[in-house]
Participant: 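Before anything else, here's the structure in question.
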Amino acid sequence: MASSGPAVGSGAPVPLEELRPPSPLFADGASLRVLGKLQEYSVETTVAIIVDAGASLKIDTQHLRDLHFRVGSIYQFIGELQVQPDNEAVLRARVGRNVDGLDLNLYYQSLQLVRQFQAERTRYQST
Amino acid sequence: MDKSLSLVHVKLLAFDLLSLAQSPTNPPTFSRDGASLSRAEALGVVVSREHKPDRFLKFAVDDGTGCVPCVLWLNHATSPYFARQRPQGVRLIADMANGQASLVKLGSVARVRGRITSYRGAVQITVSSVAAERDPNAEVLHWLDCLKLARRVYGRPRS
């Protein structure tokens, strides 16, 4: 997950249902990539709520430009997680995009395969 | 060292590309599991963008496994390398580069091809071509391509 480029790290893809304690990705400041269907969006607070497989997540979209929010569409966001003491979490999005048409089954299955591959390579390179 | 992979744009996941072995030479050469590589293809979300007109466009693509720094040179008018070539040809190359630079937008997905180079010790891509990818499934298909190629073509990791 470490980045050798700009200041922030790469957003680790994580399904919303995995994003809760004790997952190591559920940490304040963690750079994440999330996706889900837009359930609601408030223009005043610029907070969006996305849902996926029964789990939901608040997204702070104040820094996003040129993104049109349509309830019911699927969006993907990359940003940093802010976790409050009561374990309430908001993702402060740096970028976002509409991903209507994404094959979610294929996405999640492929994500598993990528994770396995990363683990294999890390083991291989440390031997 | 097997040089056949150095002739193609090798599709690599970011974490794989960023952890390539670098020779201590100047300029460094790059290899993966003993195979020499010189060009790569990366695909990911553009998460940073720094544009200096007529100099360069620096940007980074995040594919979920890492962030690949990329540089698209736009200094054709002042570069000594291009000064030796016909102005009309240089103009065409410069226009194409600038056209591609405008396709790189923060938050959109870009497919980047270019030479693997090193900047301050870190791997980056010196862009020869960049294209916008609108199909949301393109990223997933790139992941799968990278996995398949790594397993079957680039050499198997010892497990």
Side-chain angles (χ1 to χ4, degrees), chain A residues 1-14 25 31-35 61 63-68 73-80 93-127, chain B residues 12-21 32-33 44-50 58-71 105-109 118-125 133-148 150-151 154-159:
Chain A
M1 252 166 52
S3 153
S4 64
V8 284
S10 150
V14 55
L25 292 173
S31 291
L32 305 174
R33 174 195 283 229
V34 297
L35 64 77
T61 68
H63 297 290
L64 301 182
R65 301 278 170 272
D66 305 324
L67 190 56
H68 174 67
S73 283
I74 310 178
Y75 291 86
Q76 185 176 69
F77 300 100
I78 299 179
E80 279 61 48
R94 287 182 271 125
V95 293
R97 60 181 185 126
N98 181 316
V99 291
D100 280 339
L102 179 68
D103 182 333
L104 290 170
N105 254 334
L106 186 64
Y107 177 84
Y108 286 122
Q109 282 185 48
S110 305
L111 187 52
Q112 289 285 74
L113 295 174
V114 169
R115 281 172 165 177
Q116 273 171 32
F117 179 73
Q118 276 184 279
E120 275 173 33
R121 285 300 291 178
T122 311
R123 269 200 308 272
Y124 170 71
Q125 288 185 319
S126 59
T127 55
Chain B
L12 287 172
L13 291 173
F15 88 99
D16 219 339
L17 178 60
L18 297 173
S19 59
L20 291 180
R32 183 183 185 282
D33 296 356
V45 178
V46 177
V47 291
S48 72
R49 186 180 192 276
E50 183 195 347
K58 279 191 186 164
F59 59 100
V61 293
D62 179 342
D63 69 0
T65 71
C67 257
V68 182
C70 304
V71 58
K105 297 196 182 77
L106 212 50
S108 67
V109 170
S118 179
Y119 181 61
R120 296 182 172 169
V123 171
Q124 66 168 17
I125 292 184
E133 279 289 348
R134 290 203 213 296
D135 182 348
N137 295 298
E139 266 197 299
V140 177
L141 295 172
H142 179 78
W143 291 348
L144 295 174
D145 272 344
C146 291
L147 296 189
K148 185 173 74 175
R151 291 213 164 95
Y154 307 159
R156 315 181 73 89
R158 287 191 308 268
S159 48

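Scope of the values below: all heavy atoms of this structure, side chains included, with no hydrogens, waters or symmetry mates. These numbers were taken from a predicted model, which means no experiment stands behind them. Numbers restart at 1 for each chain; the letters A, B, ... are given by sequence-line order, proteins then strands.
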Participant: Give a yes or no on whether a salt bridge exists between B/E139 and A/R97, defined as a side-chain N under 4.0 angstrom from a carboxylate O.
Facilitator: yes

Participant: What is the ring orientation for A/F117 with B/F15, classed by angle as parallel under 30°, tilted 30 to 60°, or perpendicular over 60°?
Facilitator: perpendicular

Participant: Against chain B, label A/N98 side chain, backbone, both or neither, depending on which of its atoms sit under 4.5 Å from a heavy atom there.
Facilitator: neither

Participant: Do the side chains of B/D33 and A/R121 get close enough for a salt bridge, i.e. N-O under 4.0 angstrom?
Facilitator: yes

Participant: Please name the pair of heavy atoms, one in A/R33 and one in B/G64, separated by the smallest distance, quoted to 0.1 Å.
Facilitator: NH2-N, 3.5 Å

Participant: Which heavy atom of A/V95 sits nearest a heavy atom of B/V46, and at what distance?
Facilitator: CG1-O, 3.9 Å

Participant: Could you measure the distance from the CD atom of A/Q118 to the CG atom of B/L13? Nearest 0.5 Å is fine.
Facilitator: 7.0 Å

Participant: Indicate yes or no for a side-chain donor-acceptor contact from B/D62 to the backbone of A/S10 under 3.5 Å, with no hydrogens or angles considered.
Facilitator: no

Participant: Which answer fits A/Q109, side chain, backbone, both or neither, if we ask what part of it has an atom under 4.5 Å from a heavy atom of chain B?
Facilitator: neither

Participant: Out of B/D63, B/D135, B/L141, B/L106, return the one with the most heavy atom pairs under 4.5 angstrom to chain A.
Facilitator: B/D63

Participant: May I ask you to decide if A/D103's main-chain N or O and B/N137's side chain share a donor-acceptor pair within less than 3.5 Å?
Facilitator: yes

Participant: Which atoms of A/L113 come close to chain B, meaning under 4.5 Å heavy atom to heavy atom: side chain ones, backbone ones, both, or neither?
Facilitator: both

Participant: What residue in A/D66, A/L111, A/L32 has the most heavy-atom pairs under 4.5 Å with chain B?
Facilitator: A/L111

